[in-house]
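To start, the structure itself, in structure tokens.
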Amino acid sequence: MAATNKLHVKKGDTVIVLSGKDKGKKGKIIEALPKKSKVIVEGVNTVKRHTKPSQKLPQGGILVKEAPLSSSKVMLVCSACEKPTRIKKNVLASGKSVRVCKKCGEIIDKEK
């Protein structure tokens, strides 16, 4: 495992899967798990979970949900050029560090 717990992607980023059974699929990151170096991507790496009936889920049955995926298997898709890209970090004049697309030079972390 990596010494630092930083990921190149964040919750809400659009990513493309590089390898595995879902190779080539695009999806949005639902959850990032930096301590495990994993991410959960919407509609990717789905597993079936057999559940007993309970108070929360009275009918029970088979649930389909997304399982964690290694963060090294996903690549960020730039919102400006719509291409999978690596990122570089730049420091703005205000002193804030932002992620920048290596292909088009567009800032990925837009102010909300």
Side-chain angles (χ1 to χ4, degrees):
M1 241 201 273
T4 59
N5 291 332
K6 292 206 174 207
L7 298 177
H8 63 288
V9 288
K10 294 179 181 178
K11 181 180 175 179
D13 284 346
T14 303
V15 293
I16 191 164
V17 180
L18 300 175
S19 64
K21 65 179 183 182
D22 294 315
K23 181 178 179 177
K25 284 189 182 177
K26 272 188 185 178
K28 196 168 251 186
I29 293 184
I30 300 169
E31 191 178 349
L33 309 165
K35 287 186 178 173
K36 295 180 180 178
S37 296
K38 292 184 182 275
V39 291
I40 298 175
V41 183
E42 193 174 53
V44 174
N45 197 26
T46 54
V47 291
K48 288 184 177 179
R49 177 100 178 109
H50 298 260
T51 51
K52 278 182 158 180
S54 65
Q55 290 272 319
K56 205 174 189 181
L57 201 73
Q59 78 274 13
I62 301 169
L63 295 176
V64 178
K65 65 178 203 171
E66 293 91 358
L69 183 69
S70 175
S71 65
S72 63
K73 288 187 172 190
V74 297
M75 187 176 261
L76 183 69
V77 176
C78 176
S79 55
C81 61
E82 295 295 324
K83 292 180 184 171
T85 182
R86 291 182 175 178
I87 59 158
K88 65 180 178 179
K89 299 260 183 159
N90 276 3
V91 180
L92 298 176
S94 61
K96 190 173 181 188
S97 180
V98 290
R99 297 178 300 162
V100 177
C101 173
K102 279 236 181 169
K103 290 192 175 171
C104 67
E106 192 70 29
I107 296 172
I108 294 164
D109 299 324
K110 295 281 186 202
E111 289 297 316
K112 290 175 177 110

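Summarising the geometry, atom OG belonging to Ser54 is positioned 9.0 Å from atom CD belonging to Gln59; distances are rounded to the nearest 0.5 Å. Taking NZ of Lys28 as the reference point, atom CG of Asp13 lies at 9.0 Å (rounded to 0.5 Å). Remark: Lys102 NZ to Cys81 SG distance equals 13.5 Å, nearest 0.5 Å. For the atom pair SG of Cys104 and CD of Glu82, the computed distance is 10.0 Å after rounding to the nearest 0.5 Å. If you take OG1 on Thr85 and CE on Met75, they are separated by 7.0 Å, rounding to the nearest 0.5 Å. The line from CD of Glu106 to SG of Cys78 is 6.5 Å long, rounded to the nearest 0.5 Å.
Environment of NZ in Lys21: crowded, with over 12 heavy atoms of neighbouring residues, nucleotides or ligands closer than 6.0 Å. Heavy-atom contacts from other residues, nucleotides or ligands closer than 6.0 Å to NZ of Lys23 number 12 or fewer.
Nearest heavy-atom pair, Lys11 versus Ala32, reported as atom, atom and distance to 0.1 Å: N-CB, 4.5 Å.
Ile62 and Val47 end up in different hydrophobic clusters when Ile, Leu, Val, Met, Phe, Trp and Tyr side chains are linked at under 4.5 Å.
Of the possible polar contacts, one joining the Thr51 side chain to the Gly61 backbone as a donor-acceptor pair under 3.5 Å is found. Under a 3.5 Å cut-off, the side chain of Lys88 and the backbone N or O of Gly105 do not form any donor-acceptor pair. When atom types are taken as modelled, the side chain of Asn45 and the backbone of Pro68 share a donor-acceptor pair closer than 3.5 angstrom.
Val39 belongs to a hydrophobic cluster with Leu7, Val9, Val15, Val17, Ile29, Val41, Val44, Leu69, Val74, Leu76, Ile87, Ile108, counting contacts under 4.5 Å between side-chain heavy atoms of Ile, Leu, Val, Met, Phe, Trp and Tyr, direct or through other members.
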